[in-house]
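Just below is one structure, and these are the notes that go with it.
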Amino acid sequence: MMKGHRTWVFENKPVIIATATVGGPFEANGRIADDFDLLHEDLWLGEDSYEKAHKVLLEEAMFKAMEKGGIEKEKVQFIITGDLINQMTPSSFAARTIGAPYLGVFGACSTSMEGLALSAFIVNYGGAEYILTGASSHNTAVEKQFRYPTEYGGQKPPTAQWTVTGAGVALVSPQGEGPRIVSATMGRVVDMGISDPFNMGGAMAPAAVDTIEAHLRDMQIDASYYDVIVTGDLGKIGREVSLDLMRQHGIDLKEERYQDCGLLIYREGQPVLSGASGAGCSATVVYGHLLNRMKQGEFKRMLVVATGALLSPLTFQQNETIPCIAHAVAIEYGG
Amino acid sequence: MANEKRKKLTPVQQEYHLFEKERETKRPVVKNCIRAFFVGGLICVIGQAISYFYMYFFDFTEQTVGNPTVATMVFLAMIFTGLGVYDRIAQFAGAGSSVPVTGFGNAVISAAIEHRTEGFVLGVGGNMFKLAGSVILFGTFAAFVVALIKTIAVKWGGLG
Amino acid sequence: MRKYVTMLMVVTLLIVGCAREKEIKQQSLQGTNMIKTNRDGTAYSYKVNQSIAKQAVQHIKARKEVRDAVAVNTSKKLLVAYQVKHMHRFRMKQIKKDIEQQLKQLFPNHKIIVSSDLKIFWKTNELRDKINKDGMNEKQINKQIKKLKKLSEELT
Amino acid sequence: MMAMFFWAFVIGGIICVIGQIMIDVFKLTPAHTLSTLVVIGAILDGFGLYEPLIDFAGAGATIPITSFGNSLVHGALHEADKHGIIGVLTGMFEVTSAGISAAIVFGFIGALLFRPKG
C-alpha cells in the first residue's frame with residue numbers, strides 16, 4: 001500500500017526466512033568476521049579472473065541462503081540482484097547457474113535495499129513464494145573498472161573508501177520465521193554537485209538524508225521510532241555530514257542510534273581510509289551482522305538506508321558530477 | 001579547474017559544497033610532501049648508485065649511463081609491482097614513487113598484469129599503455145613542438 | 001584550461017627559479033676526491049714525454065672551478081679529463097668551452113680532447129698510471145686516446 | 001661523489017614534491033600530473049636548462065619522469081642538427097627509447113610472471 005509520496009507499507013509483512021553472506025580475506029580480518037557464513041582466504045577464490053571470483057561470491061551466497069532456508073533451487077521464483085561491474089555480468093552469470101527468472105537491478109551500492117524492497121513488494125502482493133535478493137562486490141574487480149589497475153601505485157586521499165569483497169543474499173517469503181519487512185521508501189536521485197570520485201561519502205550523504213526525511217514524513221513517525229537507523233556506506237565523512245544535515249533540518253537523531261555499514265565492517269587500523277563501500281557492503285553487514293544482532297534481541301526496529309553513487313568512470317572523466325540515491329527498508333523482529 | 005566547475009552549480013549545490021568541505025578530512029599536504037620528498041629522493045639516490053655501478057664496471061659515461069640506469073629502475077619496478085609491494089609504497093609515498101621513472105614502469109606493468117585475464121593480445125597489448133600512454137603522448141608532442149620551435153629559431157632566427 | 005596553463009607556467013618558473021638559486025648559493029658541500037692521483041697529477045713516461053700533459057694539468061688545476069684534473073699526451077694529441085667542483089656543475093658546458101680555448105692557446109700544436117666526464121676521468125687516470133708504470137709507446141697511447149675520445153662523444 | 005648523492009636526493013625529492021603538490025593542491029589525477037611534468041621537462045630542455053640540472057644532480061634529474069621530456073627534445077634536436085627540420089620527427093625517440101622499451105619488455109614479462117595481488 002502506498003503511503004505518503006514514496007513509501008510502501010507491506011501489510012503482510014514479508015519474512016526474511018534466511019540470509020547468507022560471503023566475504024574475502026580482507027573481511028576475514030575485519031570486525032564482524034564471525035557474522036559471515038563463508039570467508040575466503042584467497043581474493044581469486046581459485047578462479048582465473050577477478051570477475052569470475054566475483055560471480056562465485058554471489059553464487060555461494062545464494063546456495064548458502066537456500067540451504068539455510070531449506071529449499072531447493074527449483075523453488076526459487078525470482079532472483080533480484082545487482083552489482084557494480086559493467087552490464088552486471090556477475091549477477092547475471094550467477095542467475096544463469098540457479099536458473100530461476102531473473103531481474104537485474106542497478107542502484108550502485110544501494111542495490112541491496114532496492115532489491116529487498118522490490119522483493120517485499122512482489123511477495124506482499126502474492127507475486128511469489130520465494131525470492132532470492134542480494135548484492136555483491138569484489139574489491140579488485142571493482143577497482144579495476146572504476147579506478148586504476150590494482151597494482152598501480154596511486155595514493156588515495158583520506159576521503160577514499162575501500163570496496164568490500166563480499167556478497168549478501170536474503171531469501172524473502174510470505175510466511176516463516178525471521179525478521180519482517182514492514183515498509184520501504186524509494187529514493188530519488190540527488191545531486192549536490194560533488195565530482196570527486198574519491199569522496200563518495202560526501203556525495204551520498206544528502207541522498208541518505210533526503211530518503212530518511214521522506215520516510216519519516218510519509219510514515220508520520222519520529223526518528224526515535226527506530227532503535228537503529230543504518231546507512232549503507234557513507235563512511236566517516238558521509239556519516240558526519242549527514243548527521244549535521246539532519247540536525248540542520250530538525251531531525252533529532254541520537255548518535256549511537258545512527259550506524260553506518262561502511263564503518264561497522266572493518267577494524268580500526270585496517271587501511272580503509274574513510275570506511276568501506278561497494279554494493280556488497282550494506283548487503284553483507286545487514287544480512288549478516290545486523291540481522292544476527294536483531295535476532296539476539298539487541299534491537300527490534302531497524303531502518304536500513306543503503307546509499308549509492310550512480311557514476312561511471314566515463315562520466316567522471318567527462319567532468320560530470322556524481323548523482324546519488326538512497327533506498328530505505330524498515331525491518332522489524334519480535335515485539 | 002575546480003572553480004570553473006563550481007560556477008555551473010546551483011546555489012543549493014554550492015552551499016552544500018561548503019557545508020561538506022568543512023567536514024571533509026583534509027588531505028595531509030605537508031605530510032604527503034615530506035614523504036614524497038624522502039621516498040622520491042631515496043629512489044633517485046638508488047638510481048645514482050646504479051649509475052655509478054654501470055660507470056665503474058662497464059664502459060658507460062655520465063652521458064650514456066642514463067639508459068641502462070632507467071632500464072634497471074624499470075626492472076626493479078616490475079619486481080616490486082609483481083610482488084604487490086609497489087602500490088603499498090605508493091600509498092605512503094604518493095608522488096614520491098609515481099614521479100620517478102619507476103612510477104612510469106609501474107603504470108605500464110600494473111596495467112599489463114591486470115588485463116592478462118583478457119588475453120595477451122587484447123588484454124595485455126591493448127591496455128598496457130592505458131595509464132602511461134598519456135605521458136608518452138604529451139611528452140612526445142611537447143618535445144616535437146619545442147624542438148621544432150628551437151630548430152626554426154636557430155636556423156632562421158640566428159638564435160643559439 | 002587557462003588555469004591549467006597558468007599552473008604549468010608557475011611550476012616551470014618555480015623549477016627554473018630554484019635551479020638558479022642553487023647556483024648562486026655558496027659551496028657548502030664539496031665532495032671529497034675519491035681518486036688518488038700523483039702529487040702533480042701527471043706521469044713520467046719513458047718513451048713519450050709527458051711534460052705537455054703536466055703543464056696542462058697545472059694550468060687547469062689553477063682554475064677555481066676545477067677540483068681535479070688528469071692528462072696524457074702524445075706528440076700530436078693532448079687528452080685532458082677534469083672534475084668540476086660540485087657547485088659549478090651547472091655551468092659545465094661553459095667551463096668546458098673555456099678550458100678548451102685555454103688549452104688551444106697554450107698548446108697550438110696539439111689536438112686537444114677535453115672531457116669532464118667521470119668515466120673518462122677514471123680511464124685517463126688509469127691510462128696515465130699505465131704510462132707511468134709500463135712506459136707505453138706513442139702508437140699505443142694514441143690508440144687509447146682515440147678510444148676514450150670515441151667514448152666521450154657517445155650520446156646514448 | 002658524495003656531493004652527487006646528496007644533490008641527487010635533494011633535487012629528485014624536490015621534483016617529487018612538485019608532483020605531490022599538483023596532486024594534492026591542484027587535485028590532478030596521477031596521469032595529469034605525470035603528463036604535465038613531462039611537458040615541463042621538454043620545455044626546460046628547450047630553454048637549455050635541463051642539461052645543467054642533470055650535470056648538477058645526476059640521477060636526481062634523470063630518474064624523475066621530467067627527464068623523459070628532456071631526452072625526447074634532446075634526440076629531436078640532435079637529429080635536427082644533422083638532418084635539418086625533418087630530424088625533429090625522426091630523432092625524437094633516439095635517446096628516450098630505453099625507458100619505453102624497458103617498460104614494454106618488462107611489462108610483458110611481468111604479465112607472464114605475475115598476477116595482481118590486490
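To find a chain, count down the sequence lines: A is the first, B the second, and so on, and within it residues start at 1. Predicted, not measured: the structure shown is a model, and the values here were computed from it. The figures here come from the full heavy-atom set of this structure, side chains too, leaving out hydrogens, waters and symmetry mates.
Residues B:Thr72 and B:Thr69 bring no donor and acceptor atom of their side chains to less than 3.5 Å of each other.
Between D:Gly12 and D:Pro64, the shortest heavy-atom contact is CA-CG, 4.3 Å. Residue D:Gln20 comes nearest to B:Ala36 through the heavy atom pair OE1-CB, 3.7 Å, listed as atom of the first residue, atom of the second, then distance.
For chain D, the nearby parts of B:Val45 are the backbone and the side chain; heavy atoms of each come within less than 4.5 Å. With a 4.5 Å cut-off on non-hydrogen atoms, D:Phe108 touches chain B through its backbone and its side chain both. B:Val108 touches chain D through its side chain: at least one heavy atom from C-beta onward sits under 4.5 Å away, while N, CA, C and O do not. For chain B, no part of D:Glu79 is nearby; none of its heavy atoms comes within less than 4.5 Å. Residue contact with chain B, scored on non-hydrogen atoms closer than 4.5 Å, involves the backbone of D:Ala57 exclusively. Contacts of B:Ile149 with chain D are absent, with no heavy-atom separation under 4.5 Å from either backbone or side chain. With a 4.5 angstrom heavy-atom cutoff, B:Glu62 does not touch chain D via any of its atoms. Heavy atoms closer than 4.5 Å to chain B are found nowhere in D:Ile54, neither backbone nor side chain. Contacts of B:Val74 with chain D are made by both backbone and side-chain atoms, with heavy-atom separations under 4.5 Å. When heavy atoms are compared at a cutoff of 4.5 Å, D:Val25 approaches chain B solely by way of its side chain, counted from C-beta outward. Of the two parts of D:Asp45, only the backbone, made up of N, CA, C and O, holds a non-hydrogen atom closer than 4.5 Å to a non-hydrogen atom of chain B.
Heavy-atom pairs under 4.5 Å with chain D were tallied for B:Thr151, B:Ile113, B:Ile109, B:Val145; the largest tally goes to B:Ile113. Each of D:Leu89, D:Leu112, D:Ile104, D:Val88 has some count of heavy-atom pairs under 4.5 Å with chain B, and the biggest count is that of D:Val88. The candidate with the highest count of non-hydrogen atom pairs below 4.5 Å against chain D, out of B:Val39, B:Leu148, B:Asn32, is B:Asn32. With chain B as the partner, the residue from D:Gly19, D:Pro30, D:Ala103 showing the most heavy-atom pairs under 4.5 Å is D:Ala103. Contacts with chain B were tallied for D:Ile100, D:Thr62, D:Leu77; D:Leu77 has the most, counting heavy-atom pairs under 4.5 Å. The most heavy-atom pairs under 4.5 Å with chain B, out of D:Val73, D:Asp24, D:Val38, D:Ile23, come from D:Asp24. Per-residue counts of heavy-atom pairs under 4.5 Å with chain D were compared for B:Val65, B:Leu83, B:Leu131; the largest is that of B:Leu83.
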Show every donor-acceptor pair shorter than 3.5 Å between a side-chain atom in residues 90-97 of chain B and any protein atom, with sequence neighbours excluded, or say none if there are none.
residue : atom : partner  : partner atom : Å
B:Gln91 : OE1  : A:Lys156 : N            : 2.9
B:Gln91 : NE2  : A:Lys156 : O            : 3.1
B:Ser97 : OG   : B:Gly94  : O            : 3.3

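The environment of CZ in B:Phe19 is crowded: more than 12 heavy-atom neighbours from other residues, nucleotides or ligands sit within 6.0 Å.
If you look at D:Phe9 and D:Phe5, their ring centroids are not closer than 6.0 Å. When ring centroids are compared, B:Tyr52 and B:Tyr56 stay outside the 6.0 Å threshold.
Within the 3.5 Å criterion, the main-chain N or O of B:Ala107 finds no donor-acceptor partner in the side chain of B:Lys130. Under a 3.5 Å cut-off, the side chain of D:Ser71 and the backbone N or O of D:His74 do not form any donor-acceptor pair. With hydrogens and angles disregarded, no donor-acceptor distance shorter than 3.5 Å links the side chain of D:Ser67 to the backbone of D:Ile63.
The aromatic rings of D:Trp7 and D:Phe56 sit tilted, their planes meeting at an angle between 30° and 60°.
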